[in-house]
Amino acid sequence: MRIAVIGANSSCGKKIVLKAESQGIKVTSIVNSFSDVVGNGKLIVKDYDEVVFDDVKDCHYVVDALSFLEITRFSSDVLPVWHFLEILKNSTVKLLELGSAAFLFTDKTRQKLVVESDSVILDDRQNKVDRLCVNAFKRLSSCSNVDWSVLCPPLLLDEFSYGSGEYEFSDNILPVGINGDSFIALNDYISACIELLKLKPKTHSCVSVRGIRLN
């Protein structure tokens with residue numbers, strides 16, 4: 001398998017590159033600068049809107065570690081995902097977006113999104129980020145000529161915890177543990193991302209994952 005990682009020099013992107021290579025997956029790193037590049041694979045240094053299909057045509061998946069996770073870095077109309085949806089249309093290359101808990105449903109009735117829930121306390125900045133993510137996801141959902149899927153973390157994506165190495169997937173509902181916790185360590189989220197690629201997520205699907213604490 002070969003994957004391309006958009007934002008391979010971001011904090012999340014670097015971990016994806018290293019984890020994938022450790023499992024024998026070939027990686028094409030797509031960055032807009034040489035800074036903090038990791039990995040031993042193919043490197044493409046371009047502005048993201050200058051990447052062309054020939055750059056990724058030999059990949060099975062393009063993994064976007066920027067558009068949703070760092071959405072405030074871009075104006076809504078120039079998120080990297082929109083350009084990649086354009087160059088990947090009607091191709092066999094699949095797109096995996098690393099998403100947000102904001103557009104998961106709160107329960108199995110699927111009547112309310114997390115961002116709409118009164119029980120989730122958000123500060124003004126997080127509320128803005130979450131609504132940007134929801135609007136972007138709605139636009140992504142209208143795309144039918146690219147094989148895309150989304151992997152969403154739970155409410156807390158913990159960048160500091162080492163992780164337990166244990167996690168579980170669910171559908172597009174916010175994952176909550178029996179103690180009411182909804183978290184995953186970044187390391188476990190990255191592991192789940194690589195595992196999902198191997199499992200081949202369904203077309204136009206939204207998958208969530210949560211970490212499991214080991215006592």
Side-chain angles (χ1 to χ4, degrees), residues 1-85 87-88 93-101 125-126 128-130 132-133 136 148-154 156-165 167 183-198 209 211:
M1 179 187 291
R2 174 180 286 279
I3 66 172
V5 179
I6 306 168
N9 56 355
S10 66
S11 59
C12 188
K14 287 187 287 187
K15 287 179 177 291
I16 293 173
V17 172
L18 295 175
K19 186 68 174 181
E21 288 188 344
S22 73
Q23 297 194 18
I25 297 173
K26 297 178 181 179
V27 181
T28 296
S29 296
I30 302 176
V31 299
N32 60 1
S33 74
F34 280 107
S35 63
D36 299 323
V37 174
V38 299
N40 301 308
K42 180 179 177 182
L43 177 65
I44 296 174
V45 184
K46 290 183 177 180
D47 287 337
Y48 299 115
D49 60 358
E50 294 179 351
V51 177
V52 297
F53 180 71
D54 280 350
D55 292 325
V56 297
K57 67 180 181 181
D58 59 341
C59 297
H60 296 90
Y61 284 92
V62 172
V63 181
D64 182 0
L66 284 182
S67 293
F68 288 98
L69 295 185
E70 302 193 22
I71 196 166
T72 53
R73 281 181 51 187
F74 307 92
S75 68
S76 297
D77 289 335
V78 295
L79 290 174
V81 60
W82 309 140
H83 176 69
F84 282 85
L85 286 174
I87 67 172
L88 295 180
V93 182
K94 301 174 177 62
L95 176 66
L96 177 65
E97 291 290 322
L98 301 189
S100 164
R125 180 187 177 280
Q126 189 60 47
K128 178 182 177 181
V129 170
D130 285 354
L132 288 172
C133 286
W148 60 263
S149 51
V150 182
L151 177 63
C152 296
L156 175 62
L157 181 58
D158 187 350
E159 297 185 15
F160 303 104
S161 171
Y162 183 77
S164 68
Y167 50 84
F183 89 103
I184 193 168
L186 179 58
N187 288 333
D188 289 342
Y189 184 57
I190 299 305
S191 295
C193 171
I194 302 303
E195 181 66 19
L196 186 63
L197 294 176
K198 295 178 180 178
V209 63

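Residues G39 and E21 approach most closely at CA-OE1, 3.4 Å, considering heavy atoms. Across every non-hydrogen atom of A101 and P154, the tightest pair is CB-O, 3.5 Å. The two atoms that bring F84 and Y48 nearest to each other are CE1-O, 4.0 Å, heavy atoms only. The heavy-atom pair separating A8 from V17 by the smallest distance is CB-CG2, 3.8 Å. Taking both residues in full, the closest heavy atoms of P80 and I6 are given as CB-CG2, 4.2 Å, listed atom of the first, atom of the second, then distance.
Atoms CD and CD, from Q23 and E195 in turn, are 7.5 Å apart once rounded to the nearest 0.5 Å. For the atom pair CD1 of I3 and CD1 of I194, the computed distance is 5.0 Å after rounding to the nearest 0.5 Å. Taking CG from N40 and CG from L18, the interatomic distance works out to 8.5 Å, rounded to the nearest 0.5 Å. Distance OG/S161 to CG/D188: 7.0 Å, rounded to 0.5 Å. Rounding to the nearest 0.5 angstrom, the gap separating the CZ atom in F183 from the CG atom in D158 is 7.5 Å. In this structure, CG in L151 is found 4.0 Å from OH in Y189, a value given to the nearest 0.5 Å.
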Review item, side-chain donor-acceptor pairs of residues 66-76, under 3.5 Å, at least two apart:
{"from": "S67", "atom 1": "OG", "to": "D64", "atom 2": "OD2", "distance (Å)": "2.5"}
{"from": "S67", "atom 1": "OG", "to": "V81", "atom 2": "N", "distance (Å)": "2.9"}
{"from": "E70", "atom 1": "OE1", "to": "R73", "atom 2": "NH1", "distance (Å)": "2.8"}

Please tabulate, for side-chain N and O atoms in residues 9-16, each donor-acceptor pair with protein atoms closer than 3.5 Å (sequence neighbours left out).
{"from": "N9", "atom 1": "ND2", "to": "S33", "atom 2": "O", "distance (Å)": "3.4"}
{"from": "N9", "atom 1": "ND2", "to": "S35", "atom 2": "O", "distance (Å)": "3.2"}
{"from": "S10", "atom 1": "OG", "to": "G7", "atom 2": "O", "distance (Å)": "2.7"}
{"from": "S10", "atom 1": "OG", "to": "G13", "atom 2": "N", "distance (Å)": "3.0"}
{"from": "K15", "atom 1": "NZ", "to": "N187", "atom 2": "OD1", "distance (Å)": "3.1"}

Donor-acceptor pairs under 3.5 angstrom involving side-chain atoms of residues 50-63: please list them, not counting sequence neighbours.
{"from": "D55", "atom 1": "OD2", "to": "K46", "atom 2": "NZ", "distance (Å)": "2.8"}
{"from": "D55", "atom 1": "OD2", "to": "V52", "atom 2": "N", "distance (Å)": "3.0"}
{"from": "H60", "atom 1": "ND1", "to": "R2", "atom 2": "N", "distance (Å)": "3.1"}

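The closest side-chain heavy-atom distance from D49 to V78 is not below 4.5 Å. Put simply, the side chain of L43 reaches to within 4.5 Å of the side chain of S29, judged on heavy atoms.
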What do the steps show when you test L157 against I184 for side chain to side chain contact (heavy atoms under 4.5 Å, CB included), and what is the final call?
CA-CA 5 Å; L157 181 58; I184 193 168; 3.7 Å; yes

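The number of heavy-atom neighbours closer than 6.0 Å to NZ of K42, taken from other residues, nucleotides and ligands shown, is above 12.
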